[in-house]
Amino acid sequence: MIYNPAEIQRALELILPQVQKPGRYTGGEFNQVVKDWGETDLKVALVFPDLYELGMSNLGLAILYDVLNQRPDVLAERAYAPWSDMESRMRSSGIPLYSLETMHPLSSFDLIGFSLPYETLYTNTINLLDLSGIPVFSSKRTPEHPLIIAGGHATYNPEPMAPFIDAFVIGEGEEIILEIIDALKIWKDQGKSRRELLLSLSSIWGIYIPALYKPNYGQDGVFTGIDVLEEKAPRQIVKRITAKLPPPTTRFIVPYIDTVHSRVPVEIMRGCTRGCRFCQAGMITRPVRERPVEEIITAISQALDKTGFEEVGLLSLSSSDYTDILQLVQEVSKRFADRHLSISLPSLRIESFSVELMDALKDARRSGFTLAPEAATERMREIINKPVSDQQLLDTCREIFNRGWHNIKLYFMIGHPAETMEDVKAIARLCMDVLQVGKQIIGGRAQVTAGVSTFVPKPHTPFQWVACDTVDQIYAKQRYLKAALRGKGLKLNWNSPEDTMLEAWLSRGDRRLADVIHEAWRMGAKFDAWKEHFNFQIWIQAFEKAGLDPSFYTHRERPIDESFPWDHISTTVRKKFLTEDYLWSLHGKTRVDCRERCFACGILPTFADLRRENPGDVWQCPEVKTRKITVRDLEILDLESLPVIAKSSS
Ligand code: SF4
């Protein structure tokens with residue numbers, strides 16, 4: 001294998017003319033940061049294990065790239081998964097995975113950080129380690145190898161990837177990444193063993209070191225709990241949060257080739273208080289924290305100046321829930337009126353206010369308006385805690401057509417708990433009703449696009465106990481929808497049932513699933529999220545080889561008291577709360593937005609100090625009241641703990 005950047009560069013010159021989109025592999029984009037390799041103490045490679053076009057739109061990695069490169073003692077560079085044509089040429093020419101900034105092989109970095117926002121990136125992650133010449137199993141790595149870390153929403157159940165990753169970052173990365181860097185620098189100076197490094201990392205809030213834990217299973221194969229192998233390692237790994245969001249990143253790399261989004265992404269708010277029961281993101285990103293309007297405007301202005309982008313995405317899980325959303329949208333439209341800026345505002349609630357918001361954006365293109373009712377009957381929407389009436393939905397759609405949009409995209413899921421065929425048929429009926437509304441207003445130009453995905457019960461949600469639909473059940477429901485949603489003005493998009501199965505196995509798996517992932521990769525699985533690559537049969541064979549039953553992970557309704565392989569990962573939303581919410585769902589009982597009424601999900605007891613230190617509207621959770629310390633408290637308190645108590649109550 002070649003390890004010298006100059007030789008890698010020379011070898012690339014020979015193979016790049018032979019591959020599709022060589023611009024994916026050259027680096028050199030505007031705003032990339034290139035530091036002096038020899039003069040910088042610690043080298044970090046940030047890897048998105050999918051194509052460049054997707055990875056370049058990943059906001060999490062862009063933030064870490066910026067945060068790390070602001071430190072003079074650290075350099076951060078990027079790498080993405082090469083498409084199969086490039087990979088085969090790299091392997092035959094002995095080119096390892098290299099960084100785009102300086103063409104250094106990934107094995108020469110101190111730290112490699114993988115972003116894992118979704119589970120279908122797992123085989124690519126192993127593949128990229130292998131392409132880098134780094135042992136894919138953590139246990140086989142020596143102090144000469146980089147530290148391999150991974151973070152992102154998929155890692156809230158880290159167990160299926162446990163043998164491959166040295167340390168998982170559970171939660172938000174902006175602050176913890178700097179603490180990892182500090183620990184790594186100290187370890188490098190001390191020249192201690194790799195085990196010592198892992199032990200020191202385990203004491204950082206939000207770090208999970210799988211090698212320090214051993215899962216157990218009963219005779220029936222059900223996970224029964226996890227042993228902590230080192231006294232110093234925490235029993236529960238509490239997710240990391242950034243108490244107050246720092247000002248947004250504004251220096252984005254401008255790609256030379258088309259990527260998924262060519263825009264300035266600005267996260268206006270983190271977390272969601274709606275409590276949709278199927279939504280993992282809504283549960284794991286609590287509490288809601290908002291950025292001030294002025295800070296967002298300043299960031300947009302700086303980012304536009306630095307990038308020349310002509311589009312801004314005001315991002316969050318539920319943008320119309322941002323407290324000052326109307327003011328923000330009006331300000332952005334006013335301040336950047338001369339720049340012909342296109343503004344995207346994803347994830348809007350189903351209400352006329354959302355239509356007013358979109359109208360305020362003055363986007364002349366009016367391409368399509370997206371709403372996500374997720375279910376088509378009021379009964380089902382109560383089960384999933386997205387209570388909207390059919391009338392409300394139709395009124396909002398009327399408003400949308402009235403204001404000039406022609407195409408409404410409606411997102412639904414099939415396979416929700418307690419779903420009947422009537423709920424599926426209602427999807428088709430509702431789409432036709434919406435189309436009818438459109439036709440009354442704009443005639444034959446009206447269009448309705450239904451996007452129907454299949455529900456996967458995700459860890460850390462109130463639905464984590466329920467079973468998935470089988471492939472046959474999904475096919476039957478999709479057959480009905482394909483037949484019913486035909487004709488002018490109607491369009492249906494859906495996912496293949498096999499894709500859904502893979503997502504479900506990987507997201508609900510335990511540590512034994514690592515054997516399946518490894519075996520599938522050995523048999524050629526990679527780019528599993530891509531139609532052209534995904535091979536369902538490979539996965540079935542990998543399950544067979546590993547001696548595991550795929551349906552055990554997907555089609556088994558789990559008893560309410562079952563331990564989950566992810567129970568030692570704490571999102572701080574208590575399992576008791578999730579259990580109660582699941583039971584409520586079975587009775588169609590809903591919860592209002594928890595800004596209106598706190599349901600004591602568990603966030604506040606864990607983060608009471610952080611909440612106290614960030615009073616007012618920074619968090620949307622209620623303030624934590626401070627109780628005066630009484631003489632009685634002092635009598636029962638351990639003197640050692642007094643300074644801490646004094647700090648908390650100041
Ligand atoms: S603590 Fe209360 S307000 Fe905060 S996220 Fe949980 S339920 Fe919502």
Side-chain angles (χ1 to χ4, degrees), residues 153 156 170-172 174-175 205-206 236-245 267-292 315-325 347 349 351 374 381-388 458-465 564 566-567 569-627 648-649:
H153 285 188
Y156 276 83
I170 309 297
E172 298 166 7
E174 295 105 325
E175 293 171 353
W205 163 29
Q236 283 259 308
I237 294 84
V238 176
K239 76 167 178 188
R240 189 68 185 254
I241 61 166
T242 304
K244 183 175 182 302
L245 301 184
E267 190 186 22
I268 58 174
M269 170 176 95
R270 199 172 288 176
C272 179
T273 46
R274 288 276 150 188
C276 302
R277 293 178 174 129
F278 56 84
C279 179
Q280 189 192 45
M283 294 292 157
I284 64 180
T285 58
R286 293 173 180 212
V288 164
R289 287 142 293 159
E290 297 187 346
R291 287 194 158 108
L315 310 183
S316 81
L317 290 174
S318 178
S319 295
S320 38
D321 283 328
Y322 175 79
T323 306
D324 297 315
I325 188 67
S347 318
R349 284 202 316 262
E351 55 183 21
E374 310 289 359
R381 289 197 291 267
E382 277 163 11
I383 289 176
I384 64 176
N385 202 44
K386 205 158 183 186
V388 181
K458 291 278 180 148
H460 304 292
T461 66
F463 286 159
Q464 59 184 342
W465 288 269
F564 292 124
W566 51 86
D567 276 351
I569 304 298
S570 168
T571 67
T572 72
V573 175
R574 286 186 295 227
K575 199 170 178 184
K576 191 164 159 274
F577 170 85
L578 297 176
T579 314
E580 183 188 76
D581 209 39
Y582 173 42
L583 298 175
W584 277 30
S585 81
L586 299 178
H587 296 101
K589 216 169 147 189
T590 56
R591 289 186 199 270
V592 291
D593 184 324
C594 63
R595 290 179 209 227
E596 289 169 35
R597 177 190 153 195
C598 173
F599 290 100
C601 70
I603 292 281
L604 285 178
T606 313
F607 297 130
D609 283 358
L610 289 180
R611 178 68 183 109
R612 245 183 241 113
E613 286 158 15
N614 293 278
D617 295 338
V618 175
W619 288 30
Q620 297 300 308
C621 300
E623 302 239 9
V624 175
K625 293 200 177 64
T626 303
R627 192 167 60 91
S648 309
S649 56

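Order of appearance sets the numbers: ligands from 1, and atoms from 1 within every ligand. Quick caveat, the model's predicted, so the values are computed rather than measured. Note that these values count all heavy atoms, side chains included, but never hydrogens, waters or copies made by symmetry.
For the residue pair E351 and S320, no side-chain donor N or O sits within less than 3.5 Å of a side-chain acceptor on the partner.
Numbered from 1 in the order shown, with element, the atoms of ligand 1 that lie under 4.0 Å from a heavy atom of R286 read 5 (S), 6 (Fe), 7 (S). Per-residue contacts place F599 under 4.0 angstrom from the following atoms of ligand 1 (heavy atoms of the residue considered): 2 (Fe), 7 (S). Remark: ligand 1 atoms within the under-4.0 Å shell around heavy atoms of P622 are 3 (S). Taking a cut-off of under 4.0 Å to the non-hydrogen atoms of C601, the atoms of ligand 1 that pass are 1 (S), 5 (S), 6 (Fe), 7 (S).
Between the side chain of R611 and the backbone N or O of C621 there is at least one donor-acceptor pair closer than 3.5 Å. Using a distance-only test at 3.5 Å, with no hydrogens or angles considered, no donor-acceptor pair links the side chain of N385 to the main chain of R277.
From the protein, the heavy atom lying nearest to atom 2 (Fe) of ligand 1 is C598 SG, 2.4 Å. The protein heavy atom nearest to atom 3 (S) of ligand 1 is C594 O, 3.5 Å.
A salt bridge is absent between E580 and K589: the closest approach of a Lys/Arg side-chain nitrogen to an acidic carboxylate oxygen does not fall below 4.0 angstrom. With salt bridges taken as basic N to acidic carboxylate O contacts below 4.0 Å, none links R381 and E374.
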Just do the side chain to side chain contact (heavy atoms under 4.5 Å, CB included) check on H153 and K458 with the steps written out, would you? CA-CA 11 Å; H153 285 188; K458 291 278 180 148; over 6 Å; no
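Contact annotation: for P287 versus ligand 1, there are no heavy atoms closer than 4.0 Å.
Because the distance cut-off is set at 2.8 Å, C621 fails to qualify as a neighbour of atom 8 (Fe) of ligand 1, as none of its N, O or S atoms comes that close.
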